There are 2 protein chains.
Amino acid sequence: MPGFQKSDTLEILLYAAEELFAKQGFDGTTLRDITGLAGVNLAAAHYHLGNKEALYIKVFTRRLQPINESRLARLARAEQEANISLVGMEQLIEIMARPLFELAADTQHGGQYFARILGRCLVEPLPFMEAIITAELQPVMARFGQALRRHSPQLAPEEYLWRFSFVIGAMHHSLATLHGMKVRTHGICRDHDAAAALQRFIPFAVATFTAPVKPEPVNNR
Amino acid sequence: MPGFQKSDTLEILLYAAEELFAKQGFDGTTLRDITGLAGVNLAAAHYHLGNKEALYIKVFTRRLQPINESRLARLARAEQEANISLVGMEQLIEIMARPLFELAADTQHGGQYFARILGRCLVEPLPFMEAIITAELQPVMARFGQALRRHSPQLAPEEYLWRFSFVIGAMHHSLATLHGMKVRTHGICRDHDAAAALQRFIPFAVATFTAPVKPEPVNNR
DNA sequence: AATATTTTTAAACATCTGTTTGTATAGTCA
DNA sequence: TGACTATACAAACAGATGTTTAAAAATATT
């Protein structure tokens with residue numbers, strides 16, 4: 001956790017909540033867990049945030065909003081630079097994925113935990129988070145979905161959406177389990193290695209969208 | 001829920017628990033939720049299962065064990081039939097994936113809920129489930145990982161493992177969110193359509209493993 | 001039919017949960 | 001300095017939670 005100068009209870013609280021929500025989930029984490037880890041009084045959570053759900057939402061949007069702003073800004077700039085031609089597929093995927101992979105690899109400032117929270121949010125539907133997801137995440141994903149679509153006009157809509165679903169699933173699953181990569185691969189792949197993960201993910205995503213519709217028989221050796 | 005003949009409290013309990021654990025998670029579901037939905041007495045859960053964790057484990061293994069037995073049996077038979085040559089890549093992926101996709105599409109007997117529980121288990125690490133995952137799931141996945149590896153000797157170990165991770169992530173993420181596919185795609189992709197999902201997933205997985213290591217520049221239209 | 005065993009039930013238990021309250025403390029500005 | 005505001009704190013509250021207990025009911029066995 002980074003060093004705080006004054007008595008910034010709110011910040012300490014958000015970092016502690018982020019870590020525990022990532023590790024234990026919303027329902028598996030109590031406010032006493034959080035305030036205990038943060039070393040602040042139990043009532044501080046309610047004083048600064050109002051209630052537990054508001055704390056979770058704050059933890060979530062605090063990370064996601066800057067990421068999405070950065071993504072949309074970079075996308076807009078890339079489209080401007082590309083003028084009338086299309087922004088390259090690698091670049092689109094890189095713009096979409098890099099901020100998340102870098103955050104997931106950040107073990108110094110707690111960013112790693114947000115990637116896990118995001119992964120949870122997409123699989124476990126917390127009722128009070130639906131509106132947040134719809135408002136904060138879906139428009140950005142739809143934006144990239146449209147941009148990528150222009151590179152794959154040969155794919156039928158259903159085919160394209162399945163592939164998009166696979167790519168997004170692979171990304172979020174990898175992000176959410178990045179911290180266990182080393183153990184899972186017996187030391188071959190490193191934990192929290194954004195550069196390596198991204199270097200593998202971008203060609204993977206490109207290959208997914210550019211694969212032929214009816215693949216020719218696979219080379220069996 | 002299927003019809004039960006006698007007073008089979010245990011079965012009713014397992015179906016109710018499966019549905020609620022899938023929708024709300026382990027910590028988000030109370031025993032009173034479960035016994036209430038099942039229409040049985042609260043103490044019945046403890047009488048038949050012992051405690052809440054044992055109930056969750058039972059819900060989990062009840063579905064996973066038959067699936068894994070079927071997978072391993074089909075794999076062994078395919079390898080026998082292939083004799084000294086390799087079992088085809090499509091076939092390997094099909095054997096690994098089909099039982100899960102078919103369960104995820106089963107809206108009649110609650111199978112759809114297990115796919116969501118499995119997706120949760122891979123993202124949110126319930127402490128008491130680690131041993132179960134290690135014992136029940138990892139050996140089977142390692143088995144398929146090895147079999148697929150023989151088709152991709154050109155890939156460096158790290159490269160192969162990243163691709164395997166993407167494929168598994170795409171599969172489990174899609175399985176866990178299959179029930180929302182129709183809404184997410186504005187009606188273009190159907191919910192609970194195992195055949196369609198599998199038909200897209202198998203070529204996707206094959207393309208992932210067969211993509212060149214250094215992809216040539218993408219066709220920008 | 002009588003006994004033994006299994007299953008169901010209502011009630012209670014101890015603990016934990018999010019939240020609220022009232023008050024003390026620290027900081028700010030006139 | 002003195003009044004005012006923002007923050008921190010300990011304590012308590014009401015309700016929920018997993019679990020246990022003991023007795024009733026149902027089922028099986030002799």
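Small disclaimer: the values here were computed from a predicted structure and weren't measured. So you know, we letter chains A, B, ... as the sequences are listed, proteins then strands, and number each from 1.
The side chain of B:His46 sits closest to D:dG18 out of C:dT19, C:dT8, D:dG18. Considering only the side chain of A:Asn41, D:dA10 comes nearest among D:dT19, C:dT19, D:dA10. Picking from C:dA10, C:dT6, D:dA12 the nucleotide with the shortest atom distance to the side chain of B:Ala43 gives C:dA10. Side-chain atoms of A:Leu42 lie closest to C:dT19 of the nucleotides C:dT19, D:dT7, C:dT8.
Shown are B:Gln91, B:Glu94, B:Arg98; of these, the side-chain contact (heavy atoms from CB on, under 4.5 Å) with B:Ile202 is made only by B:Glu94.
Relative ring orientation between A:Phe101 and A:Phe201 is described as tilted, the plane-to-plane angle lying within the 30° to 60° band. Ring pair A:Phe60/A:Tyr56 is parallel by interplanar angle, where below 30° counts as parallel and above 60° as perpendicular.
Closest approach of A:Thr185 to B:Leu161, counting heavy atoms only: CB-CD1, 3.6 Å.
For C:dT7, neither phosphate oxygen OP1 nor OP2 lies less than 4.0 angstrom from any side-chain nitrogen or oxygen of B:Thr9.
Taking the six-membered ring for Trp and the full ring otherwise, B:Tyr113 and B:Phe21 have centroids separated by 6.0 Å or more.
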Would you mind writing out the side-chain donor-acceptor pairs for residues 120-132 of chain B within the sub-3.5 Å range, not counting sequence neighbours?
| residue | atom | partner | partner atom | Å |
| --- | --- | --- | --- | --- |
| B:Arg120 | NE | B:Ala22 | O | 3.0 |
| B:Arg120 | NH2 | B:Ala22 | O | 3.1 |
| B:Arg120 | NH2 | B:Lys23 | O | 3.1 |

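Mapped onto DNA chain D by nearest heavy atom, A:Ala44 and B:Glu53 fall at different nucleotides, with A:Ala44 at the one closer to the 5' end.
Contacts with DNA chain D (heavy atom under 4.0 Å) in residues 24-36 of chain A: A:Arg32, listed by number.
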